[in-house]
Undergrad: 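Can you read through this structure? Questions will come right after.
This structure is a prediction, so every number in the text was calculated from the model and none was measured. In the text below, chain A, chain B and the rest are named by the order of the sequence lines, each starting its count at 1. Both backbone and side-chain heavy atoms feed into the values below; hydrogens, waters and symmetry mates do not.
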Amino acid sequence: MTTLRFYLTDISYRILNKKAVIHLYGRTPDGKQVCVHDARFEPYFYVWPKDDDLQTLKNDLATVRQSSKEGDFFVVRTEDITKRVNEQEQRLLKVVVNMPSGVPEIKDAIRKWPGIKDCFEYDIKFARRYLIDKCLQPMTLIEATGEQMVEESRVPVLKATSVKQANEEALTTPRILAVDIETYNPLGKRVMPDKHPILMLALYGDGFHKVITWKQFPTHEKYIEVVPSEADLLQRFKELVDEYKPDILAGYFSDGFDLPYIRTRADKYRLKLDIGLDHSELKVSGRGQTTAQIAGIVHVDVFKFIRKIISRSMETDVFTLDAVAGELLGEGKHDVDLDRLAPAWDAASEELDTFAKYNLQDSKLTYDLTLKVLPNMIEFVKIIGLPLWDINRMSFSQLVEWYIIKQAAAFNEVTPNRPPYMQQSARMQLRLKGALVFEPTPGLYKDIVVYDYRSLYPSIIASHNISPGTFNCSCCPDAPLVPMEGETYRFCTKKRGFLATIIEDLIARRARIKVLLKQTKDTLLAARSEALKVLSNAFFGYLGFAPARWYCFECGQSILAYGRYYITKVIGSAQKDKFTVLYSDTDSVFLMLGKKSEDDAKAFVQRINKELPGLMELEYESFYPRGIFVAVKASEAGAKKKYALIDRKGSMKIRGFETVRRNTAFIAKETQKEVLRIILGEGDGQKALAHVKSVIADLKSNKVPLEKVVIWTQLTRDVGEYAAIGPHVAAAQRLKARGVDVGPGDMIKYVVTKGKGKIRDRVKLEDEADQEEYDADYYIEHQVIPAVERIFAVLGVSVDEFTQQGSQSTLGGF
DNA sequence: ATTATCCGGGG
DNA sequence: GTGTACGGATAAT
């Protein structure tokens, strides 16, 4: 008998002799990688019987048999249990099945039996079920007892007779290896993994930097390793992963690009990518949206976590490696022209040295980003109790749902089923009465103060005991009504609701951490606080999310009603205190200081907070010297957020303006940004107007360089397959007529030229059009003016004035 | 208003 | 693999 402690990094299962064996991978405190096999866990689900004659039902269940390729599926045994269904105690049967994949099969076979009301928890993946039932926290210390086994495996294997949580100590410094590839991709062509080879592959770890390539070129860099062929590059990649022994293999968009690409290239050479610790292969699943998995090594796609979870709290609205690293690390990608890579490769030129450096830098940024966000991911892993691989790929609603599922087990609450498609569509028809919006009067304002009510909804849920099981309970007919016209909603005042309880716990845990954070500045604690905040803030949205298991429309309505009630209180108090309320939406209030000082504004928050119930808190977000609120089109009644603010440091916060898309001409994007900069930064509307007029004049005299009026659009299918011939399709037809092979993925760059008729009849390819030919009127009317129109409307300038020569506008008083 | 199409990340 | 998982914005009809 051996006892072993290890940090649990990854979990999967395999079928051995028609039985499931859980594989737990991890690293011991002294740095050795290990695997623990646990064959003692059985798959099961729950049955909710219709009547009390359980014996007949049990006898019937014992006879069920479903055959499959893997062998027969059958019920091993049934157990009587008591669990809560929607917060009410019920008698259920726990049905134990012989194999994990038998669970959905057996459930389908019995679901419609007359003696069965419903089945539950038949779609919880086996490995997740194991973690939940055993109360194991991945990334923390686990203790296993058992016998050493002789197994075909890259790491020692222990056959366990006992597995349990040792303590909550987390693996804070896992071994990370970042990977990034550069591929052959001649100008303008889409990514084609089956045709184009991988040219370079960079690996970056702790004291380990390497670029593997298969072309000899002049270089002095020691980290560059030249191998004879692409197949050797892939072979070397395998060897290096095996030697470095990472816990985590990290990439940036590597679920969607690097690893599927490596997979495709390896398949081409019939090379086994058996880098899994049990010698299993790198597994790429899904079409379109792919994911990549390696047994025993956690593949982290750091882009996915940043995009899905961190993006909301970031400034940038593009998530390229360059932009994200720039914001989070203060360091960007190397500036190279990637269109030069393919020609440089063909010429074996010394320029390839620059690309190798670029490749290594990308892997370094990926490594540093992983280090940076890993504490946040690990905190979610610890709070929710699922593996890092899973947490990495989850959206807000999934994080919330799995947190609730984990808590449900602890509260003996059964997990409701996911709604069938029809029910989801029905839910989507229901409209929640939205949050309170105090419409801004369009205009340019000085000295703006913003308050934020960030934890409003979580604190409402906790304070008012909001939960599906406490809604309109029969035991409290006299409970206070939710402040809402036309509805008589109540929530139980006698027993605590399940969701209210667990969100209150989240809030309380965060409050304790915040106290600690005031004493010490600890990045792990900060990450934990952030994770708890993100999770509790996502609860409200989850309750109104059609595919949610714990969907509750009335709960959502009630939270919103209380939200409107509390924000109205703040607006009222501010007005009573003679502040000018500019704007309010949901959980934030924008005030204009006017004659008041910033100190007055801070004192106001403190006064408000004294009047609020314990859990609620209004935060002083920031001061902005200038801001502009823009009117929305009549048809956009719902689009309230359209404003731009500038802070003391000169950085702009722009919300709701035309998002910068690549199929907008650069001249329009550039002009919009410059106009906002002049108006907010310099406060000079005349100058901004003059700027637009000069751009228009330049367009009219065709002085604006052609590359700034080129519109880029990507083809998504073959030219002949389009039902609607848009401008980019017309341009692609011209390209095709010229004999160029265009297809899905190709970027079409076109220019709209002068003339009459439909736009698609006037498009020319970038290289066909002359500087003199582009249609200034099109670019003025459809690109530049729409981008700045509403900004100027705020200043009382109408579209006509853009084109008038130097006339005195209504801007005078501004 | 509803339906079709495109985009993102990656080279 | 206790299967099948994008989500949001915009242009076209």
Side-chain angles (χ1 to χ4, degrees), chain A residues 12-15 20 42-45 68-70 73 95 97 99-108 119-130 180-193 196-200 251-261 283 285-291 293 301-304 306-308 311 317-324 336-342 345 355 358-359 362 366 393-395 397-398 418 547 635 639 658-664 712-717 721-729 744-745 759-760:
Chain A
S12 56
Y13 79 94
R14 296 276 183 262
I15 299 292
E42 299 174 296
Y44 67 90
F45 67 107
S68 83
K69 282 178 293 191
E70 295 173 82
F73 297 136
V95 178
V97 176
M99 273 202 271
S101 40
V103 169
E105 299 285 335
I106 300 280
K107 167 249 160 191
D108 284 340
C119 300
F120 297 112
E121 305 196 16
Y122 45 76
D123 58 355
I124 295 177
K125 288 187 216 158
F126 192 57
R128 291 184 181 184
R129 173 93 275 168
Y130 180 85
D180 182 65
I181 60 169
E182 305 301 327
T183 65
Y184 188 79
N185 193 4
L187 184 61
K189 280 292 170 191
R190 82 194 120 122
V191 171
M192 286 189 280
H196 294 151
I198 297 170
L199 308 182
M200 297 174 179
Y252 196 86
F253 195 54
S254 44
D255 257 347
F257 182 71
D258 301 79
L259 293 191
Y261 211 111
K283 197 172 96 191
S285 23
R287 298 207 302 135
Q289 267 257 141
T290 51
T291 55
Q293 222 169 349
D301 183 346
V302 66
F303 160 75
K304 258 193 185 151
I306 291 172
R307 184 74 229 251
K308 289 188 167 182
S311 60
D317 54 5
V318 284
F319 291 87
T320 57
L321 178 57
D322 190 52
V324 168
V336 302
D337 179 4
L338 264 182
D339 289 339
R340 295 275 323 131
L341 174 56
W345 181 264
F355 286 107
Y358 165 87
N359 189 195
D362 276 9
T366 303
R393 287 156 182 80
M394 285 180 155
S395 60
S397 61
Q398 287 171 309
R418 302 160 80 173
S635 63
E658 286 74 13
T659 35
V660 184
R661 291 165 67 98
R662 69 179 176 203
N663 55 0
T664 305
W712 299 51
T713 308
Q714 191 170 40
L715 278 190
T716 55
R717 59 189 74 179
E721 287 173 29
Y722 278 93
I725 309 294
H728 69 295
V729 186
I759 289 168
R760 69 176 181 217

Undergrad: Kindly say whether A:Asp255 contributes a backbone atom to a donor-acceptor pair with the side chain of A:Thr290 at under 3.5 angstrom?
TA: yes
Undergrad: Report yes if a side-chain nitrogen or oxygen of A:His728 is closer than 4.0 Å to either non-bridging phosphate oxygen (OP1 or OP2) of B:dT5; otherwise report no.
TA: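 The answer is no; no side-chain N or O of A:His728 sits under 4.0 Å from OP1 or OP2.
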Undergrad: When you get a sec, tell me which of C:dC6, B:dG9, C:dG1 is the closest nucleotide to the side chain of A:Gln289?
TA: C:dC6
Undergrad: Heavy atoms under 4.0 Å, any strand shown: does A:Leu199 hit a base, just sugar-phosphate, or nothing?
TA: nothing
Undergrad: What residues, two or more places apart in sequence or in another chain, satisfy ring pair (Phe, Tyr, Trp, His ring centres under 6.0 Å) together with A:Phe253?
TA: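 Ring pair (Phe, Tyr, Trp, His ring centres under 6.0 Å) list for A:Phe253, sorted by chain: A:Phe303.
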Undergrad: Name the nucleic acid region contacted by A:Tyr261, choosing base, sugar-phosphate or nothing; use a 4.0 angstrom heavy-atom cut-off, strictly under.
TA: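 Nothing: the residue A:Tyr261, judged by heavy atoms under 4.0 Å, touches no strand.
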Undergrad: In whole angstrom, what separates A:Leu338's CG from B:dG9's C1'?
TA: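 One finds 14 Å between C1' of B:dG9 and CG of A:Leu338, rounded.
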Undergrad: Holding to salt bridge (charged side-chain N to carboxylate O under 4.0 Å, His left out), I want the full list of residues that pass it with A:Asp362, two or more places apart in sequence or in another chain.
TA: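 So A:Asp362 forms a salt bridge (charged side-chain N to carboxylate O under 4.0 Å, His left out) with A:Lys333.
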Undergrad: Test your reading of the model: is there a side-chain donor-acceptor pair from A:Asp258 to the backbone of A:Ile181, 3.5 Å cut-off?
TA: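 Yes; at least one donor-acceptor contact below 3.5 Å.
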Undergrad: Using a 4.0 Å heavy-atom cut-off, does A:Gln293 contact any base of the nucleic acid, only the sugar-phosphate backbone, or nothing at all?
TA: nothing
Undergrad: Any side-chain N or O of A:Arg307 under 4.0 Å from OP1/OP2 of B:dG9?
TA: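 Yes, such a contact exists.
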Undergrad: Establish whether the base of C:dG1 is bridged to the side chain of A:Glu70 by a donor-acceptor pair shorter than 3.5 Å.
TA: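 Check passes, donor-acceptor contact within cut-off.
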Undergrad: Counting the atoms with a prime plus P, OP1 and OP2 as sugar-phosphate, which does A:Lys283 contact under 4.0 Å by heavy atoms, base, sugar-phosphate, or nothing?
TA: sugar-phosphate
Undergrad: Looking across every strand, which nucleic acid part, if any, lies under 4.0 Å from A:Asn359 by heavy atom: base, sugar-phosphate, or nothing?
TA: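 If one applies the 4.0 Å heavy-atom cut-off, A:Asn359 turns out to touch nothing in the nucleic acid.
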Undergrad: Mind checking A:Pro104 for me? I need base, sugar-phosphate or nothing, with any heavy atom below 4.0 Å counting as a touch.
TA: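 Counting heavy atoms under 4.0 Å across all strands, the contact made by A:Pro104 is with sugar-phosphate only.
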Undergrad: How far does the P atom of C:dC6 sit from the matching atom of C:dG1, given to the nearest Å?
TA: 14 Å
Undergrad: Looking at A:Asp123 and A:Pro104, would you say the former's side chain and the latter's main chain have a donor-acceptor pair under 3.5 Å?
TA: no
Undergrad: I want to verify a distance call: between C:dC6, B:dG11, B:dG10, whose nearest atom is closest to the A:Tyr252 side chain?
TA: B:dG10
Undergrad: Of the listed nucleotides (B:dG11, C:dG3, C:dG1), which one gets closest to any side-chain atom of A:Lys125?
TA: C:dG1
Undergrad: Which is true for A:Phe319 with a 4.0 Å heavy-atom rule: it touches a base, it touches only sugar-phosphate, or it touches nothing?
TA: sugar-phosphate
Undergrad: Find the distance A:Leu259:CG to B:dG11:C1' and express it as a whole number of Å.
TA: 15 Å
Undergrad: Please report, rounded to the nearest Å, how far the P atom of B:dG10 is from the CD1 atom of A:Ile306.
TA: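 A:Ile306 atom CD1 is separated from B:dG10 atom P by 11 Å.
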Undergrad: Measure CG/A:Asp108 against C1'/C:dG3 and give the value in whole Å, please.
TA: 12 Å
Undergrad: Base, sugar-phosphate or nothing for A:Glu121? Non-hydrogen atoms, less than 4.0 Å.
TA: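 It contacts base atoms.
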Undergrad: Look only at the side chain of A:Ser68 and the backbone of A:Glu70, and say whether a donor-acceptor pair between them is shorter than 3.5 Å.
TA: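 Checked: pair present.
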Undergrad: At 4.0 Å (heavy atoms only), tell me whether A:Asp180 reaches a base, stays on the sugar-phosphate, or touches nothing.
TA: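 Sugar-phosphate, no base atom in range.
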Undergrad: Quote, to the nearest angstrom, the C1' distance that separates B:dG11 from C:dG8.
TA: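 B:dG11 and C:dG8 have their C1' atoms separated by 25 Å.
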